[in-house]
Amino acid sequence: MTVSAASTLKSAAPMARGLPAWVYNHPQLTHLEYERILKPSWQIACHVSQIPSPGDFVTFELYSDSVIVLRDGSGGIRAHRNVCRHRGTRLLEGTGKCPGRITCPYHGWSYRYDGSLLATPARDSFPELNLRDYGLDPVPMEIALGFVWICLGDEPSPSPSQLWAPFAQELAPYQFEQMVPTQPPYVECWEVDWKIVMDNYLESYHVPIGHPGLNRMFTPDYEDQRGVGSIARGTSWMREAPSSRWSERIYQQHVGTLTAHLPEPHRRSWRFYSCLPNLGIDVFPEQMDFFQVFPRGPGKALVRGAAFGLKDERREMRLIRWLGNRINMQVNREDRRLCERLQRGLGDSSYRPGPLSRIETWMLQFHDLLRARIPEFNLSEPPTRFA
């Protein structure tokens, strides 16, 4: 085949396109997406540092399900369904400490840290009850990268450690396992479909236009990308020219000297890791953060996140982390506004999916996952019923 013929065939190949507009605001999709996409996936419940002592717990909510992650008496970490085996009451809420046992606030059934049923009030009113048969249901759990991951699916595979193995070497210098919270966790409600939020994170095509501050400081991460399986990583490199804005310029000037424990390339780069279907991890020289995106109804999303860093009480480090947060909060506000405008635009009756850039490869991978799990996503119009 001649070069010109090959070029003609290449140019004639159909261009990849995004999802149809209806999938971003359909009333029947929330439950379906949970069952087929989110429930079978591994989710970060917390960092190990958030439950340092026996009895410390965190609850993790995923749609209608809830999980308790708790430190047991021997220092291990357990994960249980947050449902009393008597009548189904939610046992714990939020974060806190259980003094010696987990006790149901309704009828007082109590459970050991390992989930086994310890006692029931009015024990003689349950003549046939065998305590061994009514322990809390365990949840598949693994600790990887310093985080506690849980999965509510029947056959969770591959494990988080297997998923992240290709990136373990480049992440090792940051010492995620030794980190502690640098600010309180947050939960935000966006008037945007959760898939739009993930689409936005998965492509950096919009960065030069949508994030002028970030673009002043760093190269677009699509210039240095790597993907393995369901994880993609983009690296943005700090520009040599100082920013014209004082906060950005001070960050550029000092973050490298304050993070001397890192290899030199790590001190001048921001790294962004996406893990399908709904996780983003941002890694900076001075700290890292993660966020998860969940559906909360048609055209609405819940964003849950937290930030962590190595223990460092230096005044200069506190300043650099404050500056980094300031820059990132601006990027977050810009993303939110852009996503909201996109949500409104998708509601226009004239919209048809346009072609995708090669820079939007990881977003296309996400769309292909959605199409595989929910075949109706291949339809240009919503079906009358879902299989």
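Only a predicted model underlies this, so the values are computations on that prediction, with no experimental measurement involved. If you read the sequence from its start, that first residue is 1, and numbering goes on from there.
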- Query: Just wondering, more than 12 heavy atoms not from Glu264 lying within 6.0 Å of its CD?
  - Reply: yes
- Pairing residues for Tyr351 by the ring-ring contact (aromatic ring centres under 6.0 Å, His included) criterion, not counting sequence neighbours: none
- What is the distance from atom CH2 of Trp237 to atom OG1 of Thr219, rounded to the nearest 0.5 Å? 8.5 Å
- Item | Minimum side-chain heavy-atom gap Leu346-Ile196 below 4.5 Å | yes
- Query: Less than 4.5 Å apart, any side-chain heavy atom of Ile281 and any of Arg271?
  - Reply: no
- Are a donor atom and an acceptor atom from the side chains of Gln183 and Asn325 found within less than 3.5 Å of each other? yes
- Query: Run the salt bridge (charged side-chain N to carboxylate O under 4.0 Å, His left out) check on Arg81 and Asp65 step by step: do they pass?
  - Reply: CA-CA 8 Å; Arg81 290 279 190 162; Asp65 292 320; 3.2 Å; yes
- Task: List the steps, then state whether side chain to side chain contact (heavy atoms under 4.5 Å, CB included) holds for Leu364 with Asp368.
- Result: CA-CA 6 Å; Leu364 179 60; Asp368 288 342; 4.0 Å; yes
- Can you tell me if OH on Tyr205 sees more than 12 non-hydrogen neighbours from other groups inside 6.0 Å? no
- Between the main-chain N or O of Ser357 and the side-chain N or O of Glu360, is there a donor-acceptor pair closer than 3.5 Å? yes
- Message: Using ring centroids (six-membered ring only for Trp), state whether Trp109 and Phe126 fall under 6.0 Å.
- Response: yes
- Message: Counting only heavy atoms not in Arg101 (residues, nucleotides, ligands), do more than 12 fall under 6.0 Å from its CZ?
- Response: no
- Would you check if the distance from the ring center of Phe57 to the ring center of His80 is below 6.0 Å? no
- Query: Would you say the side chain of Pro383 lies within less than 4.5 Å of the side chain of Trp22, judging by non-hydrogen atoms?
  - Reply: yes
- Heavy-atom closest pair, residues Ile320 and Leu258: CG1-CD1, 3.1 Å
- Query: Does His254 have any ring-ring contact (aromatic ring centres under 6.0 Å, His included) partners at least two apart in sequence or in another chain, and if so, which?
  - Reply: none
- Are Trp270 and Tyr251 an aromatic pair by the rule of ring centers under 6.0 Å? yes
- Query: Does Phe308 have its ring centroid less than 6.0 Å away from the ring centroid of Phe147?
  - Reply: yes
- Message: Side chains of Tyr174 and Met288, heavy atoms from C-beta outward: is any pair under 4.5 Å?
- Response: no
- Starting from the C-alpha separation in whole Å, work towards a yes-or-no answer on side chain to side chain contact (heavy atoms under 4.5 Å, CB included) for Trp164 and Cys275. CA-CA 9 Å; Trp164 288 91; Cys275 182; 3.9 Å; yes
- Message: With side-chain hydrogen bond (donor to acceptor under 3.5 Å, both in side chains) as the criterion, how do Asp289 and Tyr186 come out once you've worked through the C-alpha distance, each side chain's angles and the decisive distance to 0.1 Å?
- Response: CA-CA 11 Å; Asp289 66 50; Tyr186 70 88; over 6 Å; no
- Item | Whether over 12 other heavy atoms sit under 6.0 Å from Arg333 CZ | yes
- Is Ile102 close to Ser110 at the side-chain level, that is, under 4.5 Å between some pair of heavy atoms? no
- Query: Among side-chain atoms of Trp194 and Glu33, is any donor-acceptor pair under 3.5 angstrom?
  - Reply: yes
- Task: Step through the shown structure and confirm whether more than 12 heavy atoms of other residues, nucleotides or ligands are within 6.0 Å of CZ on Arg318.
- Result: yes
- Message: Do Arg216 and Arg245 make a side-chain contact, defined as non-hydrogen atoms from C-beta onward lying under 4.5 Å apart?
- Response: yes
- To the nearest 0.5 Å, atom CG of Asp193 lies from atom CZ of Arg296 at 11.0 Å
- Donor-acceptor side-chain pairing of Glu93 and Thr59 below 3.5 angstrom: no
- Task: Identify the two heavy atoms, one from Thr259 and one from Pro285, that lie closest to each other, and give their separation to 0.1 Å.
- Result: CG2-O, 3.3 Å
- Query: CG/Asn328 to CG/Asp335 distance, rounded to the nearest 0.5 angstrom?
  - Reply: 10.0 Å
- If you look only at pairs with a residue in residues 42-57, which of them pass as a side-chain hydrogen bond (donor to acceptor under 3.5 Å, both in side chains), with sequence neighbours excluded? Ser41-Gln43, Gln43-Asn278, Gln43-Gln292, His47-Ser49, Asp56-Lys97
- Hits for ring-ring contact (aromatic ring centres under 6.0 Å, His included) against Tyr113, two or more places apart or cross-chain, chain-then-number order -> none
- Side-chain heavy atoms of Pro208 within contact of Pro220, under 4.5 Å: yes
- Looking only at atom types and distance, does a side-chain atom of Asn378 sit under 3.5 Å from a main-chain N or O of Pro375, one as donor and one as acceptor? yes
- Apply ring-ring contact (aromatic ring centres under 6.0 Å, His included) to the pair His206 and Tyr222, showing each step before the final yes or no. CA-CA 10 Å; His206 72 282; Tyr222 58 69; 9.8 Å; no
- Centroid-centroid distance, Tyr63 to His31, less than 6.0 Å: yes
- Side chains of Gln252 and Glu248, donor plus acceptor under 3.5 Å: no
- Return each pair, listed once, that meets salt bridge (charged side-chain N to carboxylate O under 4.0 Å, His left out) where at least one residue sits in residues 102-127; pairs must be two or more places apart or across chains. none
- Note on the structure: When Asp221, Asp282, Asp224 are each screened for salt bridge (Lys or Arg N to Asp or Glu O under 4.0 Å) with Arg233, the one that passes is Asp224
- Note on the structure: Distance col, row Cys339:SG vs Glu334:CD, nearest 0.5 angstrom, shows 12.0 Å
- Message: Here's one to test your reading of the geometry: is the NZ or CZ of Arg226 within 45 degrees of the ring axis of Phe167 and under 6.0 Å from its centre?
- Response: yes
- Query: Strictly under 6.0 Å, is that where the ring centroids of Tyr201 and Phe291 end up?
  - Reply: yes
- Which residues satisfy the ring-ring contact (aromatic ring centres under 6.0 Å, His included) test with Trp190, sequence neighbours excluded? none
- Side chains of Ile77 and Ile143 in contact at under 4.5 Å (non-hydrogen atoms): yes
- Task: Using side chain to side chain contact (heavy atoms under 4.5 Å, CB included) as the criterion, point out the one residue from Leu117, Leu91, Thr103 that pairs with Cys84.
- Result: Leu91
- Can Cys98 and Leu92 be said to form a side chain to side chain contact (heavy atoms under 4.5 Å, CB included), step by step? CA-CA 9 Å; Cys98 294; Leu92 300 174; 3.6 Å; yes
- Task: Would you please test Asn25 and Gln343 for side chain to side chain contact (heavy atoms under 4.5 Å, CB included) and show each step?
- Result: CA-CA 9 Å; Asn25 195 20; Gln343 182 75 58; 4.1 Å; yes
- Looking only at heavy atoms, which two atoms of Trp362 and Ala232 are closest? And how far apart? CD2-CB, 3.5 Å
- Query: Is Arg373 salt-bridged to Glu35, going by a charged N under 4.0 Å from an acidic O?
  - Reply: no
- Query: Got more than 12 heavy atoms from elsewhere within 6.0 Å of CZ, Arg132?
  - Reply: no
- Message: For Asp154, is the CG atom crowded, meaning more than 12 foreign heavy atoms sit under 6.0 Å from it?
- Response: no
- Query: Is the shortest distance from a Lys or Arg side-chain nitrogen in Arg304 or Glu188 to a carboxylate oxygen in the other one below 4.0 Å?
  - Reply: no
